[in-house]
K.L.:
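Encoded as structure tokens, here's the structure I'll be asking about.
Sequence lines set the chain letters: A, B, ... in the order given, protein chains first and strands last, and positions in each chain run from 1.
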Amino acid sequence: MSNDKPVRVRFAPSPTGYLHVGGARTALYDFLYAKKYNGTFVLRIEDTDVERSTEEALKMQIQDLSWLGLKWDEGVDPVTLEDMGPYGPYRQSQRKSIYDKYAQQLLEKGNAYYCFLSDEEIDAQREQAKKEGRPPQVNSPYKDWDLEKALEHKKTSEVKPVIRFKTPDVKKDYLLNDLVRGEVRFPSDMVGDFVMIRSNGMPVYNFCCAIDDALMKLTHVFRAEEHLSNTLRQMMIYEALGFDLPQFGHLSIILGEDRQKLSKRHGATSVNEYKERGFLPDAMNNFLALLGWSSPEAQEIMSMDEMSQQFSTERLNSASAVFDETKLKWVNATHLRALPHNELWQLLQPYFDKEGFDLPQDSDWQDKALSLMKTSMETLKDGVELFRPLSKGSFSLSEKASDVLSWEPTKRVFEKWISLLNESDNIDEQGFMNMQNTIKKECEVKGKNLFMPIRVAVIGQPHGAEVKLLVPLMEKSELLERAQTALNSCT
RNA sequence: GUUCCCUUCGUCUAGUGGCCUAGGACAACGCCCUUUCACGGCGUAGACACGGGUUCGACUCCCGUAGGGAACGCCA
């Protein structure tokens with residue numbers, strides 16, 4: 001048990017694309033756990049697949065992780081991408097000499113061997129095994145060759161060999177004490193001799209993962225459930241090398257609405273997409289945390305600090321969870337509305353700029369406008385359509401207003417509204433109410449025949465925030481211009 | 001096919017043998033607030049996959065069945 005050692009956890013993405021929400025949740029749990037126990041969170045890059053790993057993807061992943069606020073203490077520096085910490089390098093592609101050393105050791109001890117099987121031979125073996133109803137494992141004729149003999153053969157062989165790990169001959173059970181699944185027992189013959197080093201000299205996941213986790217002194221390994229069966233291979237490597245096992249915690253998988261593993265066809269699966277759609281990092285974290293973990297206080301809305309304080313592996317759920325975007329939206333809306341208005345405005349600003357909105361810069365105005373609008377805002381992006389009516393010169397009559405424009409009293413209301421506007425100076429809430437009353441009396445309209453037309457003359461559509469609060473936020477000239485446009489469109 | 005994992009309201013979950021006529025949250029529905037739309041408040045409906053054990057007692061423990069998932073790669 002490694003309970004007394006200082007906690008060290010890691011997130012180890014392979015930079016082959018955007019950061020997936022599943023990965024984000026794993027990283028979040030790592031982060032929360034490290035924070036709770038004052039431990040170290042390390043970011044290691046698993047880029048041994050040179051074909052698929054790109055620098056671009058690495059930067060994307062780092063950006064997404066940073067956006068979520070999941071700061072790591074050790075690993076690849078988020079800005080310079082240089083190594084940061086005492087156990088580097090932190091990119092597996094740069095640790096080749098380390099893996100070679102251990103591979104050599106295993107080769108000499110007889111725990112590994114050069115295998116000269118060609119792809120065709122391996123395929124044939126698998127076919128055969130399948131036909132006989134056996135697990136499709138390779139059985140290499142080279143497993144008992146002397147190292148010298150293999151080395152000699154290597155010089156002249158046409159196939160470049162891989163190095164395979166030699167699984168134990170005697171059948172036994174490996175017992176894993178998983179933090180989320182409890183006791184898991186693997187029969188040793190569950191796996192065949194697996195490749196440790198590729199023919200191009202690059203190590204393979206199960207080999208370098210085990211070595212790095214041990215060398216980087218990681219105490220806890222949280223990762224997705226799909227790695228559960230890999231753990232047997234890694235345990236064998238730990239055993240052969242005499243390393244101490246860390247504590248493993250295999251997290252359940254996140255599913256889509258159809259209960260299949262979450263993938264592209266379910267819509268957005270990368271945190272970057274959610275960022276662009278106007279979700280807040282803390283809301284994202286909050287929602288993701290709840291997908292497989294629950295607060296002991298049954299709290300639903302939590303800050304990062306609250307989550308890390310309450311976090312524990314005992315409350316991790318072993319069943320897979322469906323990613324429910326509706327709930328995400330609710331979590332986001334709740335976080336959004338709790339934000340101080342100056343902060344919220346800053347987050348909204350880029351969206352407004354992108355649309356070219358002309359909105360007042362004074363903070364008092366912004367504060368009032370936000371109080372009015374944020375109750376119907378679920379994402380930052382919703383702010384766009386909400387604030388569009390408030391932007392100078394962006395008035396247009398919505399399709400939804402056409403009904404109102406055809407009502408009999410509408411034209412009268414518009415005309416009166418315009419004349420009253422002309423007579424007034426700065427209109428405050430009370431001022432507007434007075435105007436409304438005047439219209440009511442003089443035009444002899446009430447109910448929605450009164451309110452809807454005025455709203456249409458102000459924002460171009462019959463539904464939205466309270467007009468009496470909206471009007472004081474707008475300039476008289478703008479209001480006049482709009483009312484005139486509305487009047488001209490009466491049918 | 002083999003091995004491993006999983007199974008409580010539509011969804012996320014609470015539940016560690018009696019507190020469970022199964023609790024909460026999102027969604028749905030209804031009412032209230034509101035001369036619109038939201039927010040908010042209150043309420044209604046809705047689940048232990050199935051079958052055997054064990055036990056005085058099972059959502060909870062054991063065994064099967066069914067369903068779902070994962071792994072069996074020179075991907076991670």
Side-chain angles (χ1 to χ4, degrees), chain A residues 12-16 46-49 51-53 92 115 117 119 122 126 129-138 160-164 176 178 180-182 184-187 189-192 194-206 208-209 223-233 250 252-253 255 257 259-261 287 290-296 298-301 314-315 317-331 333-334 337 371-378 386 404 436 440 446-452 454-455 461-467:
Chain A
S14 59
T16 54
E46 310 220 318
D47 55 352
T48 53
D49 185 349
E51 312 273 282
R52 297 200 304 148
S53 301
Q92 291 186 326
C115 174
L117 245 25
D119 290 347
I122 291 170
R126 289 219 172 92
K130 231 176 171 177
K131 231 185 267 169
E132 290 166 22
R134 288 183 287 118
Q137 298 171 352
V138 289
K160 287 186 78 181
V162 298
I163 299 177
R164 281 183 191 277
L176 169 67
D178 193 270
V180 353
R181 263 147 241 283
V184 180
R185 205 173 283 274
F186 301 108
D189 59 357
M190 188 175 155
V191 296
F194 56 91
V195 174
M196 276 170 28
I197 307 282
R198 298 167 162 99
S199 55
N200 69 2
M202 269 303 202
V204 155
Y205 169 73
N206 282 298
C208 38
C209 180
R223 47 153 67 140
E225 189 191 348
E226 63 221 48
H227 291 293
L228 187 57
S229 38
N230 281 323
T231 309
L232 173 58
R233 295 186 183 79
H250 287 94
S252 60
I253 298 230
L255 308 175
E257 251 128 76
R259 303 211 73 98
Q260 301 286 105
K261 192 171 166 180
F287 171 73
L290 258 16
L291 235 45
W293 174 80
S294 59
S295 145
Q299 209 177 325
E300 298 276 338
I301 299 297
E314 286 91 73
R315 300 190 70 84
N317 197 153
S318 53
S320 42
V322 173
F323 189 97
D324 178 11
E325 213 173 276
T326 310
K327 182 150 182 182
L328 204 210
K329 279 187 188 153
W330 171 76
V331 173
T334 311
R337 288 167 200 155
S371 310
L372 191 55
M373 297 302 188
K374 70 174 182 180
T375 52
S376 33
M377 207 186 289
E378 282 186 319
L386 254 14
V404 178
Q436 200 177 55
K440 184 178 178 180
K446 58 180 183 179
K448 65 179 192 174
N449 282 336
L450 172 64
F451 302 104
M452 295 276 190
I454 298 179
R455 186 188 305 282
Q461 54 181 49
H463 299 293
E466 263 190 280
V467 185

K.L.:
Just how far, in rounded Å, is C1' of B/rU16 from CG of A/Asn317?
P.N.:
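Rounded to whole Å, this separation is 14 Å.
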K.L.:
Is it true that A/Lys327 and A/Glu300 make a salt bridge, defined as a side-chain N closer than 4.0 Å to a carboxylate O?
P.N.:
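Yes.
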K.L.:
Roughly how far apart, to the nearest Å, are B/rA14 and B/rG73 at atom P?
P.N.:
35 Å
K.L.:
Is it the case that A/Ser295 and A/Arg315 place a side-chain donor and acceptor less than 3.5 Å from each other?
P.N.:
no
K.L.:
Donor-acceptor pair, A/Arg164 side chain versus A/Phe194 backbone, under 3.5 Å?
P.N.:
no
K.L.:
Expressed as a whole number of angstroms, how long is the span from A/Arg181:CZ to B/rG69:C1'?
P.N.:
10 Å
K.L.:
Write down the distance between CG (A/Leu291) and C1' (B/rC26), rounded to a whole number of angstrom.
P.N.:
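For the pair A/Leu291 CG and B/rC26 C1', the rounded distance is 12 Å.
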K.L.:
Under a 90° cut-off about 0 for the syn range, is B/rC39 syn or anti?
P.N.:
syn
K.L.:
To the nearest Å, give me how far apart CD (A/Glu466) and C1' (B/rU34) are.
P.N.:
8 Å
K.L.:
May I ask which nucleotide in the shown strands pairs with B/rC75, Watson-Crick or G-U wobble, both distances under 3.5 Å?
P.N.:
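Paired with no nucleotide.
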K.L.:
Any heavy-atom pair between the side chains of A/Gln92 and A/Met202 that's under 4.5 Å?
P.N.:
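With C-beta onward as the side chain, the pair stays apart.
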K.L.:
Summarise how protein sits on nucleotides 70-76 of chain B as a single string, 5' to 3': B when a protein heavy atom is under 4.0 Å from the base, S for sugar-phosphate-only contact, - for no contact.
P.N.:
SSBSBBB
K.L.:
Would you indicate whether the side-chain heavy atoms of A/Ile454 and A/Leu450 approach each other to under 4.5 Å?
P.N.:
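In short, these two side chains touch, coming nearer than 4.5 Å.
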K.L.:
Look at A/Ser252 and B/rC6 and indicate whether a side-chain polar atom (N or O) is within less than 4.0 Å of OP1 or OP2.
P.N.:
no
K.L.:
Contact class for A/Ala298 (heavy atom, under 4.0 Å): base, sugar-phosphate, or nothing?
P.N.:
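Here A/Ala298 touches no strand at all.
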K.L.:
Looking only at atom C1', what distance separates B/rC63 and B/rG69, rounded to whole Å?
P.N.:
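About 22 Å, rounded to a whole number of Å.
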K.L.:
Are A/Thr231 and A/His250 close enough that a side-chain donor and a side-chain acceptor fall under 3.5 Å?
P.N.:
yes
K.L.:
With heavy atoms under 4.0 Å as the rule, sort A/Thr375 into base, sugar-phosphate or nothing.
P.N.:
base
K.L.:
Which part of the nucleic acid does A/Arg223 contact within heavy-atom distance under 4.0 Å: base, sugar-phosphate only, or nothing?
P.N.:
nothing
K.L.:
Calculate the interatomic distance between A/Glu300 atom CD and B/rG24 atom P; express it in whole Å.
P.N.:
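Going from A/Glu300 (CD) to B/rG24 (P), I get 12 Å.
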K.L.:
Check the phosphate of B/rC6 against A/Arg259, side-chain N and O only, distance under 4.0 Å to OP1 or OP2. Yes or no?
P.N.:
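False: A/Arg259 side-chain N/O out of range (4.0 Å or more) of B/rC6 OP1/OP2.
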K.L.:
Using atom P of each nucleotide, how far apart are B/rU55 and B/rC62 to the nearest Å?
P.N.:
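Those two atoms are separated by 16 Å.
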K.L.:
Does a side-chain N or O of A/Gln260 approach OP1 or OP2 of B/rG69 to a distance below 4.0 Å, or not?
P.N.:
yes
K.L.:
Which whole number of Å gives the distance between the P atom of B/rC39 and that of B/rC20?
P.N.:
33 Å
K.L.:
Output the single nucleotide from B/rU35, B/rC4, B/rG10 whose closest atom is nearest the side chain of A/Phe451.
P.N.:
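Per side-chain heavy atoms of A/Phe451, the pick is B/rU35.
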K.L.:
Expressed as a whole number of Å, how far does the C1' atom of B/rC61 sit from that of B/rG15?
P.N.:
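One C1' to the other, the span is 15 Å.
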K.L.:
Reckon A/Arg455 touches a base, only the sugar-phosphate, or nothing at all at heavy-atom distances under 4.0 Å?
P.N.:
base
K.L.:
Should we say atom CD of A/Gln299 is surrounded by more than 12 heavy atoms from elsewhere, each under 6.0 Å from it?
P.N.:
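More than 12 within 6.0 Å, yes.
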K.L.:
Roughly how many Å apart are B/rC48 and B/rG41, using the P atom of each and rounding to a whole number?
P.N.:
30 Å
K.L.:
In the structure shown, which nucleotide is the Watson-Crick or G-U wobble counterpart of B/rC56, with both distances under 3.5 Å?
P.N.:
B/rG18
K.L.:
Whole angstroms only, please: what is the CG-P distance between A/Leu450 and B/rU35?
P.N.:
12 Å
K.L.:
Taking for each residue the nucleotide of RNA chain B with the nearest heavy atom, is it A/Glu314 or A/His463 whose nucleotide lies nearer the 5' end?
P.N.:
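Comparing both residues, the 5'-ward one is A/Glu314.
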K.L.:
Let's test this: given Watson-Crick or G-U wobble pairing with both distances under 3.5 Å, identify the partner of B/rC37.
P.N.:
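Here B/rC37 is not engaged in any pair, so there is no nucleotide opposite it.
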K.L.:
From C-beta outward on A/Val184, which listed nucleotide comes closest to its side chain: B/rC4, B/rU7, B/rC26?
P.N.:
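Closest nucleotide to the A/Val184 side chain: B/rC4.
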K.L.:
Looking at side-chain heavy atoms only, is the closest gap between A/His227 and A/Tyr205 below 4.5 Å?
P.N.:
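Of all side-chain heavy-atom pairs linking A/Tyr205 with A/His227, at least one is under 4.5 Å.
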K.L.:
Under a 3.5 Å limit for both distances, which nucleotide forms a Watson-Crick or G-U wobble pair with B/rU11, could you say?
P.N.:
B/rA25
K.L.:
Please report the distance separating the C1' of B/rU54 from the corresponding atom of B/rG1, rounded so that it comes out in whole Å.
P.N.:
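Per the computed distance, 34 Å lies between those C1' atoms.
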K.L.:
Quick one: closest heavy-atom pair of A/Ser252 and A/Asn317, and the distance?
P.N.:
OG-O, 3.6 Å
K.L.:
Distance check needed: B/rC9 P versus A/Lys327 NZ, whole Å only.
P.N.:
15 Å
K.L.:
Within the structure provided, determine whether A/Phe451 and A/Val467 are in side-chain contact (heavy-atom separation under 4.5 Å).
P.N.:
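The answer is no, as the side chains (C-beta and beyond) never meet within the 4.5 Å cut-off.
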K.L.:
Under a 3.5 Å cut-off for both contacts, is B/rG30 paired Watson-Crick or G-U wobble with anything, and if yes, with which nucleotide?
P.N.:
B/rC42
K.L.:
Under a 3.5 Å cut-off for both distances, is B/rG51 Watson-Crick or wobble paired, and to whom?
P.N.:
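Its partner is B/rC63.
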K.L.:
If pairing requires Watson-Crick or G-U wobble contacts with both distances under 3.5 Å, which nucleotide is the partner of B/rA70?
P.N.:
B/rU3
K.L.:
Could you give the CD1-to-C1' distance, from A/Ile301 to B/rC26, as a whole number of Å?
P.N.:
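Roughly 10 Å, once rounded to whole Å.
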K.L.:
Look at all strands and tell whether A/Ala129 reaches a base, only sugar-phosphate, or nothing, counting heavy atoms closer than 4.0 Å.
P.N.:
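No contact.
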K.L.:
Say we look at B/rG43 and B/rC9: how far apart would their P atoms be, to the nearest angstrom?
P.N.:
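Between the two P atoms, the distance is 24 Å.
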